[in-house]
Amino acid sequence: MSAARSALVTGAGSGIGRACARALLDAGWNVTLAGRRRAPLEETAAGFGAALVVPADVTEPADVERLFAGHDERFGRLDLLFNNAGTFGPSADVGGLDEAAWAATLAVNVSAAVRCAGAAFRRMAAQHPPGGRIVNNGSVSAQVPRPRSAAYTTTKHAIAGLSKSIELDGRAHGISCTELDLGNARTELVDDLVGDGALQADGRRLVEPTMAADDVARLVLALAELPLSVSVPQLTATAAGMPFIGRG
């Protein structure tokens, strides 16, 4: 087992997950990279000997167990989970939600996040010395919604509750949790959302500012490298000037 700190990042094949995995690797961490497709994960890991690629669908319980078992076998200890996998889901108000689309959004954004957090929590509580940090990728939609985002907003509010529960229940084990609420990090998801102008509460469309995924990665690395005597239960970071404060 390596003496280096070790992390597991879900959704590591692109966007924020890729940027954060690379930032951790650059800083000397051992990192397990999880995602549905091997090729993007291999691209993220290219050039890093301390990266372990494990293709996994986190909506499948067996895949999650295999993912964490692979991390255990390679690195032995888990110091950080960046619980990052997610989807925006359908654009609809609650009256227009398609049942299958809602179920798919719930499966990724909530059930998979709970499943991965649970696997990490069990390991962090049992390892010696115990402890670790879980960072859940929330969204500013965990605080205030966009129009026609009932599925995404509901599931991201659930992440706020999950994060608080981990923070409380983890006290006895030296486990802390951060709900990281991001606004307009520049990824494919945000490109799709705001590229032609994001729908505002008054019906206008507005091309909104964005921030680089690499800047988000700097925040995640800073959280990861804090001593476990420091907890950051919630952190909000947005692109400067985006319509979040005063949204609507």
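Because only heavy atoms are used, hydrogens play no part in the values below, and waters and symmetry mates are left out as well, while side chains stay in. Start at 1 with the first residue, then count along the sequence.
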Original post:
Which pair of non-hydrogen atoms, one from Val9 and one from Gly17, has the smallest distance, and what is that distance?
Top reply: CG1-O, 3.7 Å
Original post:
Once you round to the nearest 0.5 Å, how far does CD1 of Ile175 lie from CE of Met124?
Top reply: 6.5 Å
Original post:
Linking I/L/V/M/F/W/Y whenever any side-chain heavy atoms sit under 4.5 Å apart, do Leu67 and Val53 land together?
Top reply: no
Original post:
Do Val64 and Pro61 touch side chain to side chain, with heavy atoms closer than 4.5 Å?
Top reply: no
**OP:** Look up atom NE2 in His71 and atom CG in Asn30, then write down how far apart they are to the nearest 0.5 Å.
**Re:** 8.0 Å
Original post:
At their closest point, which heavy atom of Pro243 faces which heavy atom of Leu206, and how far apart are they?
Top reply: CG-CD2, 4.1 Å
Original post:
Are side-chain heavy atoms of Phe244 and Val144 found at a separation under 4.5 Å?
Top reply: yes
Subject >> Side chains of Asn136 and Ile166 in contact at under 4.5 Å (non-hydrogen atoms) >> reply: yes
Original post:
Just wondering, do Cys20 and Ile16 contact through their side chains at under 4.5 Å, heavy atoms?
Top reply: yes
Original post:
Under the 3.5 angstrom rule, does the side chain of Arg123 hit a backbone N or O of Leu78 as a donor-acceptor pair?
Top reply: no
Subject >> Shortest non-hydrogen contact from Arg74 toward Gly49 >> reply: NH2-O, 3.0 Å
Subject >> Side-chain H-bond candidate by donor/acceptor type, Ser139 with Asp181, under 3.5 Å >> reply: no
**OP:** Using the side-chain contact (heavy atoms from CB on, under 4.5 Å) rule, take Glu225 and Arg5 through it: C-alpha gap first, then chi angles, then the decisive distance, then the call.
**Re:** CA-CA 9 Å; Glu225 298 204 321; Arg5 289 166 296 179; 3.1 Å; yes
Subject >> Leu235, Asn137, Val140 screened by side chain to side chain contact (heavy atoms under 4.5 Å, CB included) with Leu182, the one that passes >> reply: Asn137
Subject >> Separation between CG of Leu80 and CG of Leu226, rounded to the nearest 0.5 Å >> reply: 11.0 Å
Original post:
Would you say the side-chain atoms of Asn109 and Thr155 include a donor-acceptor pair closer than 3.5 Å?
Top reply: yes
Original post:
Short question: side chain of Asp98, backbone of Ala100 - any donor-acceptor pair under 3.5 Å?
Top reply: yes
Original post:
Is the closest side-chain donor-acceptor distance between Asn184 and Glu208 under 3.5 Å?
Top reply: yes
Original post:
Do the side chains of Leu8 and Val114 join up, straight or via other hydrophobic residues, at under 4.5 Å, putting them in one cluster?
Top reply: yes
Original post:
Which residues satisfy the side-chain contact (heavy atoms from CB on, under 4.5 Å) test with Asp63, sequence neighbours excluded?
Top reply: Ala56, Asp57, Glu60, Arg66
Original post:
Are Thr236 and Gln234 linked by a side-chain donor-acceptor pair shorter than 3.5 Å?
Top reply: yes
**OP:** Might you work through the side-chain contact (heavy atoms from CB on, under 4.5 Å) test for Phe75 and Val31, ending with a clear yes or no?
**Re:** CA-CA 9 Å; Phe75 300 124; Val31 183; over 6 Å; no
**OP:** Treat each ILVMFWY residue as a node, draw an edge where side-chain heavy atoms are under 4.5 Å apart, and state whether Ile159 and Val108 are in one component.
**Re:** no
**OP:** Could you tell me whether Glu65 and Arg122 make a salt bridge, using a distance below 4.0 angstrom between a side-chain N and a carboxylate O?
**Re:** yes
Original post:
Taking C-beta and beyond as the side chain, do Ser111 and Thr59 meet within less than 4.5 Å on heavy atoms?
Top reply: no
Original post:
Do the charged groups of Arg38 and Glu43 touch, with an N to O distance under 4.0 Å?
Top reply: no
Subject >> Which atom of Gly203 lies closest to which atom of Leu199, heavy atoms considered >> reply: O-CD1, 3.7 Å
Original post:
Distance from Ser163 atom OG to Ile134 atom CD1, nearest 0.5 Å?
Top reply: 9.0 Å
Original post:
Side-chain heavy atoms under 4.5 angstrom apart, residues restricted to Ile, Leu, Val, Met, Phe, Trp, Tyr: same cluster for Val230 and Leu228?
Top reply: no
Subject >> Side chain His173, main chain Gly131, donor-acceptor under 3.5 Å >> reply: no
Original post:
Are the side chain of Arg115 and the backbone of Val58 linked by a donor-acceptor contact shorter than 3.5 Å?
Top reply: yes
**OP:** Look at the side chain of Asn84 and the backbone N and O of Gly11, then say whether any donor-acceptor pair between them is shorter than 3.5 Å.
**Re:** yes
Original post:
Between Tyr152 and Phe88, what is the ring plane arrangement, given parallel below 30°, perpendicular above 60°, and tilted in between?
Top reply: tilted
Original post:
Hey, is the main chain of Pro145 close enough, under 3.5 Å, to the side chain of Thr153 for a donor-acceptor pair?
Top reply: no
Original post:
What heavy-atom pair brings Ala12 and Ala21 nearest, and what distance separates the two atoms?
Top reply: CB-CB, 4.5 Å
**OP:** Verify side-chain contact (heavy atoms from CB on, under 4.5 Å) between Met211 and Val216, making sure each step is shown before the conclusion.
**Re:** CA-CA 8 Å; Met211 61 181 173; Val216 174; 3.9 Å; yes
Original post:
Residues two or more places apart in sequence or in another chain: which of them pass side-chain contact (heavy atoms from CB on, under 4.5 Å) with Pro90?
Top reply: Leu97, Ala101, Thr105, Ala151
**OP:** Check side-chain contact (heavy atoms from CB on, under 4.5 Å) between Pro129 and all other residues, then give those that pass, not counting sequence neighbours.
**Re:** Arg77
Original post:
Just how far is it from atom CG of Leu162 to atom SG of Cys177, taken to the nearest 0.5 Å?
Top reply: 6.5 Å
Original post:
Yes or no on side-chain contact (heavy atoms from CB on, under 4.5 Å) for Phe121 and Leu81, after CA distance, side-chain angles and deciding distance?
Top reply: CA-CA 9 Å; Phe121 191 101; Leu81 168 66; over 6 Å; no
Subject >> From OG1 (Thr178) to CG (Asn83), nearest 0.5 Å >> reply: 12.0 Å
Original post:
Do Val54 and Phe82 belong to the same hydrophobic cluster, where Ile, Leu, Val, Met, Phe, Trp and Tyr are linked whenever their side-chain heavy atoms lie under 4.5 Å apart, directly or via other members?
Top reply: no
Original post:
Hey, is Arg133 close enough to Asp79 for a salt bridge, meaning N to O under 4.0 Å?
Top reply: no
**OP:** Could you tell me which non-hydrogen atom of Ser231 sits nearest to which non-hydrogen atom of Ser176, and how far apart they are?
**Re:** OG-CB, 3.8 Å
